[in-house]
Number of protein chains: 2
Amino acid sequence: MVPTKEARRAPADKYDERRNQLAESALQTLGELGYARTSLREIANNSAFSHGVVHYYFSDKLELIIYCVRYYKARCVTRYDAVVAESTTPEELLDAFAAKLVETVQEEAAMHRLWYDLRTQSMFEEKLREAVLMIDATLEDMIWRIVTRYAELSGRPTSMTPHAAYGVLDGLFQQALLGHLTGSADAVDAMAAQVHALMPLMLAPAVDAAGG
Amino acid sequence: MVPTKEARRAPADKYDERRNQLAESALQTLGELGYARTSLREIANNSAFSHGVVHYYFSDKLELIIYCVRYYKARCVTRYDAVVAESTTPEELLDAFAAKLVETVQEEAAMHRLWYDLRTQSMFEEKLREAVLMIDATLEDMIWRIVTRYAELSGRPTSMTPHAAYGVLDGLFQQALLGHLTGSADAVDAMAAQVHALMPLMLAPAVDAAGG
DNA sequence: CCGATCCCTTGACGACTGTCAAGACTTTGC
DNA sequence: GCAAAGTCTTGACAGTCGTCAAGGGATCGG
């Protein structure tokens, strides 16, 4: 009998652990091959198990992938929190933020292209939408924490909605990722410069210090 | 014998015409199903031909798709030229540009999600990169024509690189497309507002008219 | 130590895929 | 009107896919 999560006895932990283990292998495979070319057998090959085990822990290929999306989110959501916490001036925050962006484009390119792949797939596959929109909103929140902290440190109010701020930064990030993956040597540095130029524009214009 | 484009006798036009016909059917199918779920048989089903004919006009599935990308580009590249040509004030240009963006998100959503799909696929499939990067550069030029004309009409110089301008606008566009396709009623209107707010930020700040 | 439950492997199924060869039908050149 | 070239259909191929059933060990409760 196929065990469901709630019907399981004691080792619900072990069950979830296996699911996470498979999600890990799936994410690795998906990041390498993309959604279109990833098969369950290939995922299993990149794990310690055989291909049949997938249907023991997931009812469906899509359920595995959706589980992966949510599992992946848990890793990303706090990526910039240290940057926010440790910066004490707007310039410091901006530098640290841009540096972190550059770092993550370079070192987690596979995961990021997978994210964009899955987000685009959700434009075609309705079942992916709920999970994708949820993580997209979470990423928007993450970006907004940066922007509001940057505004705070600058002593100026924000002049963009969270949605718009996320949209433009995500556009630059995606552009840099594409450039990075296609061999453009200066793509990530260009992104850093663009972010430096863009962030001040997300705040209301500084008043001239004429009055004091 | 498989005819190659250069070895053909008189009807090189008819040959290309058929290729375009197939590209049309392929684009329709790809826009509906996405790259991952589109098969050659499905493309042929959406055309007047049978599935075998694809290999008469294209050596490969990938060659067909790459041909589609280039074919698709030819339609997009002049989309905003009328807006540029007919606007006489910066406000008019901005309104017309935003309106055109809204229109194209709504009425050509399938083609746009396909474009983002293929562009993302190029992060995984090396053979797609050349065509994708070419059309991406063309789109960047298209956007830059808007921005420079906007700057001209405003009497202010631009303050962003073409790359950055394209990146941020594309981010907003993609965000609106995702929102539109996932049922968010105000996604496209939000994009219009965001574009209105963003475009002035792409120009150098207006000097205060204190000196006359 | 035995039976039951859990975990996992193996192998198979039907469906679908890209590709291509064989041939039929159509058009063209003479 | 015949032969050749061009165009398209049909059918098959080898392979891969998601899915699932049967069964083997492992583990655990008694």
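All chains are named by letter (A, B, ...) in the order of the sequence lines, taking the proteins before the strands, and each is independently numbered beginning at 1. This one's a predicted model, so the numbers in the text were calculated from it and none came from an experiment.
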Can you tell me how far P of D/dT7 sits from CZ of B/Phe58, to the nearest Å? 14 Å
Per atom distances to the A/Ser50 side chain, the nearest of D/dC20, C/dT9, C/dC8 is C/dT9
Report the nucleotide, chosen from C/dT9, C/dC20, D/dG18, that has the shortest atom-to-atom distance to any side-chain atom of B/His55. C/dC20
Send over the distance from A/Tyr35 OH to D/dC17 P, rounded to a whole Å. 14 Å
With sequence neighbours excluded, tell me which residues meet ring-ring contact (aromatic ring centres under 6.0 Å, His included) with B/Tyr116. none
Counting only side-chain heavy atoms from C-beta out, which of C/dT9, D/dT19, D/dT9 sits nearest to B/Phe49? D/dT9
Rounded to the nearest 0.5 Å, the CG atom of A/Asp141 sits from the CG atom of A/Asp136 at a distance of 10.5 Å
Whole-Å distance separating the CG atom of B/Leu62 from the P atom of C/dT17: 17 Å
In whole Å, I'd like the distance from the CG atom of A/Leu40 to the P atom of C/dA12. 20 Å
Rounded to whole Å, the CD1-P distance (B/Ile65 to C/dT17) equals 13 Å
Spacing of A/Tyr15 atom OH relative to D/dT27 atom C1', expressed in whole Å: 18 Å
Please report the distance, rounded to the nearest Å, between CD in A/Gln21 and C1' in C/dC8. 13 Å
Return no unless some side-chain N or O of B/Tyr56 is found under 4.0 Å from OP1 or OP2 of D/dT7. yes
Quick note, A/Lys61 side chain, CB onward, closest among C/dT19, C/dC7, D/dT19 is D/dT19
Check A/Glu108, A/Glu107, A/Glu103 against A/Arg79 for a salt bridge (Lys or Arg N to Asp or Glu O under 4.0 Å) and give me the one that passes. A/Glu108
Across the strands shown, which category fits B/Arg41 at heavy-atom distances under 4.0 angstrom: base, sugar-phosphate, nothing? base
Please give, in whole Å, the distance from C/dA15 C1' to B/Glu42 CD? 14 Å
Name the nucleic acid region contacted by A/Tyr57, choosing base, sugar-phosphate or nothing; use a 4.0 angstrom heavy-atom cut-off, strictly under. sugar-phosphate
Can you tell which of A/Tyr71, A/Tyr15, A/Tyr67 makes a ring pair (Phe, Tyr, Trp, His ring centres under 6.0 Å) with A/Phe58? A/Tyr67
Within the 4.0 Å heavy-atom criterion, would you say A/Ala48 contacts the bases, only the backbone, or no part of the nucleic acid? sugar-phosphate
Atom pair NE2/CG of B/His55 and B/Asp60 - distance to nearest 0.5 Å: 6.5 Å
Does a nitrogen or oxygen in the side chain of B/Arg18 sit under 4.0 Å from OP1 or OP2 of D/dC8? yes
Please determine whether a side-chain nitrogen or oxygen atom of A/Ser39 lies at a distance below 4.0 Å from atom OP1 or OP2 of D/dT16. no
Which nucleotide wins on minimum distance to the side chain of B/His51, given the candidates C/dC7, D/dG11, D/dC8? D/dG11
